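Reviewing the structure listed below.
Below, read A as the first sequence line, B as the second, and so on, with proteins coming before strands; counting in each chain starts at 1. These numbers were taken from a predicted model, which means no experiment stands behind them.
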Amino acid sequence: MRLATWNVNSVKQRLPRLLPWLDQRRPDVLCLQETKVPDDTFAALLDEELAERGYEVAAYGESRWNGVAILSRVGLDDVVRGIEGAPGFPHPEARALAATCGGVRVHSLYVPNGREPDSDHYRYKLAWLAALRDVVAAGPADAIVCGDMNIAPADADVFDPAAYVGSTHVTEPERAALAELAKLGLHDVVRERWPDERVFTYWDYRAGMFHQDLGMRIDLVLASTPVAERVRAAWVDRHARKGTGPSDHAPVIVDLDEAPDGDIGPVVPPPSAPARRRSARLPQAR
DNA sequence: ATGCCCATCTATGATGGA
């Protein structure tokens, strides 16, 4: 199963990039953030195009700001909009959507920005993350928590740590909120795959930041242990940040091996082939 | 070349993004 997450910075503006990208990368599950459209607009823009490609769709948006969605062609069940117990600012914002896709509880998240440390918006961000933790803790063992987390987990995840001192995205309380998710057994699968690499997912549009690779890694895929053990590949699709009319974020793509036997129903062998024992499987790349 | 801000709206500039 291939899962991807992408902050598209307006799904309406990004249509000329999103549809060709879907055909190129063919994710089974795609989490979107910053769609910036109400649900009826999302449907009018994309339902037909996505149905042609075999996707079911759940969208949770509002006009102007925010907005998340999940596209899936491996099932889309038990959809939940928002985070139970999370505060609004002041109204509940369209920042979270969950669904069960291919046996995995998938969360598409657009975490509040925080604006300035110790501001009302910053406190909102931390309270929102605490509520998210509780929802994930109460959820299924097979889970992926992904999206624009608006936190750089470590200094290696910003192009110049000194430039970010005193800014949001790198403060200790924000990183502590991520650590609370890690304590639930969630793994940062891109960093685990590329422990020493320079890996960013966001580059400011201004001043040629992308072209100098001056960015941040704030779009994360966090997978629970049984899902993390199935990760075959995890990477940032920087190609999608190039060219005409890109989002300022690049997609993150994660490929999972099939679930262990029993999790996906009966496996029927081809007529002439004997059933293979698990011991006959190829070793899994780690 | 990856190539030097973008997107939104009871708009025509103010605001949010990170």
Side-chain angles (χ1 to χ4, degrees), chain A residues 5-18 20-21 24 32-42 44-45 59 61-69 88-91 93-95 109-126 128-129 147-175 177-178 197-220 235-252:
Chain A
T5 181
W6 194 4
N7 179 326
V8 289
N9 185 17
S10 171
V11 75
K12 182 186 278 185
Q13 293 302 317
R14 217 59 59 212
L15 277 185
R17 297 297 301 257
L18 175 59
W21 181 88
Q24 179 188 24
L32 297 174
Q33 298 88 35
E34 286 209 80
T35 57
K36 297 187 176 179
V37 288
D39 298 346
D40 55 351
T41 305
F42 190 102
L45 286 169
E62 56 191 289
S63 62
R64 191 159 197 175
W65 312 121
N66 311 315
V68 287
F89 194 77
H91 71 281
E93 297 184 304
R95 294 181 175 274
L109 305 174
Y110 177 49
V111 174
N113 172 292
R115 298 182 188 167
E116 296 291 335
D118 300 320
S119 66
D120 286 347
H121 206 264
Y122 180 85
R123 284 183 285 274
Y124 166 52
K125 179 179 194 174
L126 296 178
W128 195 96
L129 286 163
D148 181 352
M149 304 300 288
N150 268 322
I151 303 170
D155 283 352
D157 297 311
V158 297
F159 73 90
D160 181 5
Y164 283 91
V165 171
S167 300
T168 58
H169 297 65
V170 301
T171 67
E172 191 282 328
E174 291 167 278
R175 288 175 170 171
L178 276 187
E197 300 290 322
R198 182 181 178 94
V199 182
F200 300 137
T201 65
Y202 161 85
W203 302 261
D204 196 299
Y205 284 122
R206 291 168 287 191
M209 297 287 273
F210 176 68
H211 318 291
Q212 303 167 73
D213 198 22
L214 304 178
M216 310 174 75
R217 192 175 70 92
I218 55 176
D219 300 88
L220 308 179
W235 55 288
V236 177
D237 188 2
R238 296 180 76 257
H239 180 77
R241 181 64 176 79
K242 304 174 184 178
T244 303
S247 170
D248 43 1
H249 296 249
V252 182

> What residue pairs, at least two apart or across chains, pass side-chain hydrogen bond (donor to acceptor under 3.5 Å, both in side chains) with a residue in residues 148-159 of chain A?
Replying inline: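 Qualifying pairs, neighbours excluded: Asn7(A)-Asp148(A), Asn150(A)-His169(A), Asp155(A)-Arg175(A), Asp157(A)-Arg191(A), Asp157(A)-Arg217(A).
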
>> Short of 4.0 Å, heavy atom to strand atom, which residues of residues 148-156 of chain A count as contacting DNA chain B?
In response: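 Heavy-atom cutoff 4.0 Å gives Asp148(A), Asn150(A).
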
>> Within residues 110-123 of chain A, which residues have any heavy atom lying less than 4.0 Å from an atom of DNA chain B?
In response: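 Within residues 110-123 of chain A, the residues near DNA chain B are Tyr110(A), Asn113(A), Arg115(A).
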
>> Side chain of Tyr205(A) only, heavy atoms from C-beta on: which candidate in dC9(B), dT2(B), dG17(B) is closest?
In response: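 Looking only at heavy atoms from C-beta outward on Tyr205(A), the closest nucleotide is dG17(B).
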
>> From C-beta outward on Arg95(A), which listed nucleotide comes closest to its side chain: dT2(B), dG17(B), dA7(B)?
In response: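 In terms of side-chain proximity for Arg95(A), the closest of dT2(B), dG17(B), dA7(B) is dG17(B).
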
Does [X] put a side-chain nitrogen or oxygen below 4.0 Å from OP1 or OP2 of [N]?
{"X": "Gln13(A)", "N": "dT8(B)", "answer": "yes"}
{"X": "Ser10(A)", "N": "dC6(B)", "answer": "no"}
{"X": "Arg14(A)", "N": "dA7(B)", "answer": "yes"}
{"X": "His249(A)", "N": "dA18(B)", "answer": "yes"}
{"X": "Asn7(A)", "N": "dA18(B)", "answer": "yes"}

Base, sugar-phosphate, or nothing for [X], non-hydrogen atoms under 4.0 angstrom?
{"X": "Glu34(A)", "answer": "sugar-phosphate"}
{"X": "Asp219(A)", "answer": "nothing"}
{"X": "Met216(A)", "answer": "sugar-phosphate"}
{"X": "His211(A)", "answer": "base"}
{"X": "Tyr202(A)", "answer": "sugar-phosphate"}

Write down the protein N/O and nucleotide N/O pairs, taken from nucleotides 12-14 of chain B, whose separation is under 3.5 Å; answer none if there are no such pairs.
none

Side chain [X], main chain [Y], donor-acceptor under 3.5 Å:
{"X": "Arg14(A)", "Y": "Val8(A)", "answer": "yes"}
{"X": "Gln33(A)", "Y": "Tyr110(A)", "answer": "no"}
{"X": "Arg17(A)", "Y": "Ala240(A)", "answer": "yes"}

Side-chain contact, heavy-atom cut-off 4.5 Å: [X] with [Y]?
{"X": "Val111(A)", "Y": "Trp128(A)", "value": "yes"}
{"X": "Lys36(A)", "Y": "Gln13(A)", "value": "no"}
{"X": "Phe210(A)", "Y": "Pro246(A)", "value": "no"}
{"X": "Arg238(A)", "Y": "Trp203(A)", "value": "yes"}
{"X": "Asp237(A)", "Y": "Trp6(A)", "value": "no"}
{"X": "Arg95(A)", "Y": "Phe89(A)", "value": "no"}

Figure out the [atom1]/[atom2] separation between [X] and [N], and round it to whole Å.
{"X": "Gln33(A)", "N": "dC6(B)", "atom1": "CD", "atom2": "P", "answer": "21 Å"}
{"X": "Glu174(A)", "N": "dA18(B)", "atom1": "CD", "atom2": "P", "answer": "12 Å"}
{"X": "Asn66(A)", "N": "dG17(B)", "atom1": "CG", "atom2": "P", "answer": "8 Å"}
{"X": "Phe89(A)", "N": "dT15(B)", "atom1": "CZ", "atom2": "C1'", "answer": "13 Å"}
{"X": "Leu220(A)", "N": "dA18(B)", "atom1": "CG", "atom2": "P", "answer": "13 Å"}
{"X": "Met209(A)", "N": "dG17(B)", "atom1": "CE", "atom2": "C1'", "answer": "14 Å"}
{"X": "Phe210(A)", "N": "dT2(B)", "atom1": "CZ", "atom2": "C1'", "answer": "5 Å"}
{"X": "Lys36(A)", "N": "dC9(B)", "atom1": "NZ", "atom2": "C1'", "answer": "12 Å"}

>> The criterion is ring pair (Phe, Tyr, Trp, His ring centres under 6.0 Å); which residues satisfy it with Tyr202(A), sequence neighbours excluded?
In response: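 In terms of ring pair (Phe, Tyr, Trp, His ring centres under 6.0 Å), with neighbours along the sequence ignored, Tyr202(A) is linked to His249(A).
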
When rounded to the nearest Å, what value does the distance between [atom1] atoms of [N] and [M] take?
{"N": "dC6(B)", "M": "dA11(B)", "atom1": "C1'", "value": "16 Å"}
{"N": "dG16(B)", "M": "dT10(B)", "atom1": "P", "value": "15 Å"}
{"N": "dA7(B)", "M": "dA18(B)", "atom1": "C1'", "value": "15 Å"}
{"N": "dT2(B)", "M": "dG13(B)", "atom1": "C1'", "value": "32 Å"}
{"N": "dT8(B)", "M": "dC4(B)", "atom1": "C1'", "value": "23 Å"}

> Hey, mind stepping through His239(A) and Trp21(A) against side-chain contact (heavy atoms from CB on, under 4.5 Å) and telling me if it holds?
Replying inline: CA-CA 10 Å; His239(A) 180 77; Trp21(A) 181 88; over 6 Å; no

> Which of parallel (below 30°), tilted (30 to 60°) and perpendicular (above 60°) describes Tyr164(A) and Phe159(A)?
Replying inline: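 Perpendicular, since the angle between the ring planes exceeds 60°.
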
>> Test: salt bridge (charged side-chain N to carboxylate O under 4.0 Å, His left out). Region: residues 160-174 of chain A. Which pairs qualify, not counting sequence neighbours?
In response: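 Of all non-adjacent pairs touching residues 160-174 of chain A, those that pass salt bridge (charged side-chain N to carboxylate O under 4.0 Å, His left out) are Lys125(A)-Glu174(A).
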
